[in-house]
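What follows is a set of notes on a single structure, which appears directly below.
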Amino acid sequence: MVRVRFAPSPTGPLHIGGVRTALFNYLFAKKNNGTMILRIEDTDQTRFVDGAEDYIMDSLEWCGIRFDEGIREGGSFGPYRQSERRDIYANYAEILLNSGWAYMAFDTPEELDELRTQAENDGNTFVYNHITRKNLRNSLALSADQTQELLSQNTPYVLRFKMPEDRVVELNDIIRGEVKFNTKELDDKVLMKTDGLPTYHLANIVDDHLMEISHVIRGEEWLPSLPLHYLLYEAFGWEKPQFAHLPLILKPTGKGKLSKRDGDKMGFPVFPTQWNAGDEIYRGYREDGYFPQAVVNMLALLGWNPGTEQEIFSLDELIKAFSLDRVGKSGSRFDPEKTKWFNHQYLIKKSGEELAELYMPILSEKGIDVQTEIVARICDMLKERVSFVHELWDESEFFFVAPNEYDEKFLKKAVKDDTANLIMKLIEVLKDVDDFNSQNTESAVKQWLEISEIGFGRVMSPFRLALVGAGKGPHVFDIVEIIGKSETINRLDKFLEQI
């Protein structure tokens with residue numbers, strides 16, 4: 001049975017790279033009728049950030065990623081917060097110590113810093129490993145009596161993993177295939193800290209085993225930890241889950257993975273929802289006007305290839321199509337413009353009524369009181385022109401507010417010596433139209449122009465300018481139908497005065 005988990009640390013806002021990891025876990029679980037678990041890994045209390053835990057859960061909920069088990073959902077494998085599982089880890093740490101897979105290290109931070117400095121001065125790097133551990137203050141180098149004396153004095157110690165001296169660890173990664181590590185190149189990682197809380201490595205393995213995780217799907221940055229985790233499973237005599245390490249999300253330009261700095265520099269968010277950190281506010285996709293479905297769709301195609309030309313996927317379609325064997329090994333470059341394109345695709349699929357519901361609050365903030373039906377018609381006209389709902393105002397302002405000024409460049413092109421006379425005649429023609437809809441007004445104006453042998457552009461360009469204030473907007477006669485006869489003539493009169 002497939003059981004996967006997303007296990008973030010509450011040390012700040014959730015980066016979209018983390019959202020993609022959660023998404024791939026979710027898609028894999030649902031594709032295989034499995035279970036999706038949220039586990040909060042908060043053993044590093046020094047980096048804990050208040051509010052981050054709720055932020056993680058709320059932002060994933062906004063993305064449509066739902067959990068079957070977790071802090072809010074409950075479940076029979078809890079607690080789902082690692083800080084509440086301290087006693088569990090202590091028992092398993094004792095097992096490793098008694099079996100010889102771990103040892104006590106009494107070295108102080110100051111002593112280790114001195115060793116690092118000394119190594120740097122010699123042009124080397126200090127590593128706590130199978131070579132150096134023989135000459136340091138730990139239960140492997142000290143006698144049993146010396147170790148016991150330190151314990152009786154309540155000397156602080158950490159528990160370190162005893163990495164085998166020279167062994168090739170071979171294992172299989174679903175995405176990367178066979179990978180090999182030689183333990184002589186690895187250090188003895190800390191498993192239990194002096195405060196009695198485990199590090200990520202021990203807690204992660206114990207929890208994955210006890211929660212019966214079948215597949216560990218996580219970011220590429222955890223690949224160097226894989227041999228340690230593999231050996232921890234071996235040390236406990238447990239069956240190993242299958243591992244899959246996802247490729248990085250890369251910067252839009254240059255080398256390295258996508259960071260908050262890239263977003264700040266290029267003007268796009270890297271977090272799903274807004275994060276408030278004291279006086280500093282980090283932008284979110286939700287607050288920038290993105291639809292969650294567009295963000296999810298974009299993230300799904302960063303590293304995963306459906307094998308077809310299809311780009312727009314609903315969440316159900318993603319679940320149906322997803323497989324880990326189509327996830328690539330190499331990193332995927334993030335494209336802010338492509339992300340906007342995805343949002344545009346989702347926006348134009350929405351009906352005028354759906355968009356009106358989203359646009360009405362913006363109009364209310366601007367003091368515009370208008371019927372929803374009219375707003376829906378306007379949204380239908382203009383949705384192809386925008387990528388975000390908030391951009392509708394710049395494209396539709398003239399429907400609600402008459403222009404007070406006119407685009408100078410367009411004015412010079414549109415207004416000729418006879419324009420004023422033509423506008424006066426246009427007003428008379430429009431006044432005679434009884435049923436003032438798009439079809440009737442267009443028919444009346446065209447008939448006048450044809451009979452009078454007047455070029456269409458000589459009238460329509462200044463007509464548009466009078467209504468909109470610029471050379472933009474949808475079909476002129478669609479505009480006049482919505483703003484109505486009285487407002488249309490008022491705007492023409494005002495324009496006439498101006499020219």
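Index from 1, following the sequence. All of these numbers come straight from a predicted model, not from anything done at the bench.
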Quiz prompt | CA sep, side-chain torsions, deciding dist, call: Tyr346, Asn297, side chain to side chain donor-acceptor pair (under 3.5 Å) | solution = CA-CA 10 Å; Tyr346 278 87; Asn297 198 154; 2.7 Å; yes
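- Nearest heavy-atom pair across Arg333 and Leu302 is O-CD2, 3.8 Å.
- Ionic pairing of Asp58 and Arg72 is present here: one or more N-O contacts between side-chain nitrogen and carboxylate oxygen are shorter than 4.0 angstrom.
- None of Trp275, Phe291, Tyr290 except one satisfies the ring pair (Phe, Tyr, Trp, His ring centres under 6.0 Å) rule with Tyr285; the exception is Tyr290.
- Between His15 and Phe271, the angle of the ring planes goes over 60°, which puts this pair in the perpendicular group of the 30/60° scheme.
- Side-chain atoms of Asp188 and Tyr103 form a donor-acceptor pair, as typed in the model, at a separation below 3.5 Å.
- Taking 4.0 Å as the cut-off between side-chain N and carboxylate O, Arg116 and Asp113 count as a salt-bridged pair.
- Using modelled atom types, one finds no donor on one side chain facing an acceptor on the other under 3.5 Å when comparing Arg176 with His245.
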Arg286 and Asp288: salt bridge (charged side-chain N to carboxylate O under 4.0 Å, His left out), yes or no, with the steps? CA-CA 5 Å; Arg286 180 178 63 188; Asp288 268 22; over 6 Å; no
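- Here the closest heavy-atom approach between residue Cys379 and residue Gly352 is recorded as CB-O, 4.0 Å.
- Residues Asn172 and Val179 fail the side-chain proximity criterion, which asks for heavy atoms closer than 4.5 Å.
- The nearest pair of heavy atoms linking Val270 to Lys260 is CG2-CA, 3.6 Å.
- The existence of a salt bridge linking Lys320 and Asp316 is excluded, since no basic side-chain nitrogen approaches an acidic carboxylate oxygen closer than 4.0 Å.
- When each of Lys240, Arg39, His215 is checked for a side-chain hydrogen bond (donor to acceptor under 3.5 Å, both in side chains) with Asp208, only Arg39 meets the rule.
- In this structure, the ring of Tyr92 has its center less than 6.0 angstrom from the ring center of Phe236.
- For Phe322 and Trp304, the ring centers sit closer than 6.0 Å to each other.
- Around CG of Asn305, the count of heavy atoms belonging to other residues, nucleotides or ligands within 6.0 Å exceeds 12.
- With 3.5 Å as the limit, one finds a donor-acceptor pair spanning the side chains of Ser323 and Asp325.
- Aromatic ring pairs are classed by plane angle as parallel below 30°, tilted from 30° to 60° and perpendicular above 60°; the pair His390 and Phe388 is parallel.
- Ring to ring, Phe334 and Phe268 are close: their centroids are under 6.0 angstrom apart.
- No side-chain donor-acceptor contact under 3.5 Å links Tyr157 and Asn138.
- Of all heavy-atom pairs spanning Ile16 and Pro272, the tightest one is CG2-N, 4.3 Å.
- The shortest non-hydrogen separation linking Leu315 to Gly64 is CD2-O, 3.7 Å.
- Arg81 has a carboxylate O that lies under 4.0 Å from a charged side-chain N of Glu53, or vice versa, which qualifies the two as a salt bridge.
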* Determine, step by step, whether Ser143 and Gln146 satisfy the side chain to side chain donor-acceptor pair (under 3.5 Å) criterion, reporting the C-alpha distance in whole Å, the side-chain angles of both residues, the deciding distance to 0.1 Å, and the verdict. => CA-CA 5 Å; Ser143 67; Gln146 289 174 313; 3.2 Å; yes
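- Side-chain atoms of Glu149 and Ser152 form no donor-acceptor pair, as typed in the model, at a separation below 3.5 Å.
- Between Tyr233 and Phe243, the ring-plane angle classifies as perpendicular under the 30° and 60° cut-offs.
- Classification of Arg3 and Asp68 as a salt-bridged pair fails, no side-chain N sitting under 4.0 Å from a carboxylate O.
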Item to complete: Tell me, with the steps shown, if Ser396 and Tyr359 meet side chain to side chain donor-acceptor pair (under 3.5 Å).
Response: CA-CA 11 Å; Ser396 68; Tyr359 189 29; 2.7 Å; yes
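- The side-chain hydrogen bond (donor to acceptor under 3.5 Å, both in side chains) test with Tyr80 is passed by exactly one of Glu69, Arg85, Arg5: Glu69.
- Ion pairing between a basic and an acidic side chain is recognised when a charged N comes within 4.0 Å of a carboxylate O; Glu311 and Lys338 show such pairing.
- A salt bridge between Glu111 and Arg137 is present, with a side-chain N of the basic residue lying under 4.0 Å from a carboxylate O of the acidic one.
- In this structure, Pro224 has no side-chain contact (heavy atoms from CB on, under 4.5 Å) partners at least two apart in sequence or on a different chain.
- Glu234 has a carboxylate O that lies under 4.0 Å from a charged side-chain N of Arg167, or vice versa, which qualifies the two as a salt bridge.
- Looking only at atom types and distance, the side chain of Ser387 has no donor-acceptor partner in the side chain of Asn343 under 3.5 Å away.
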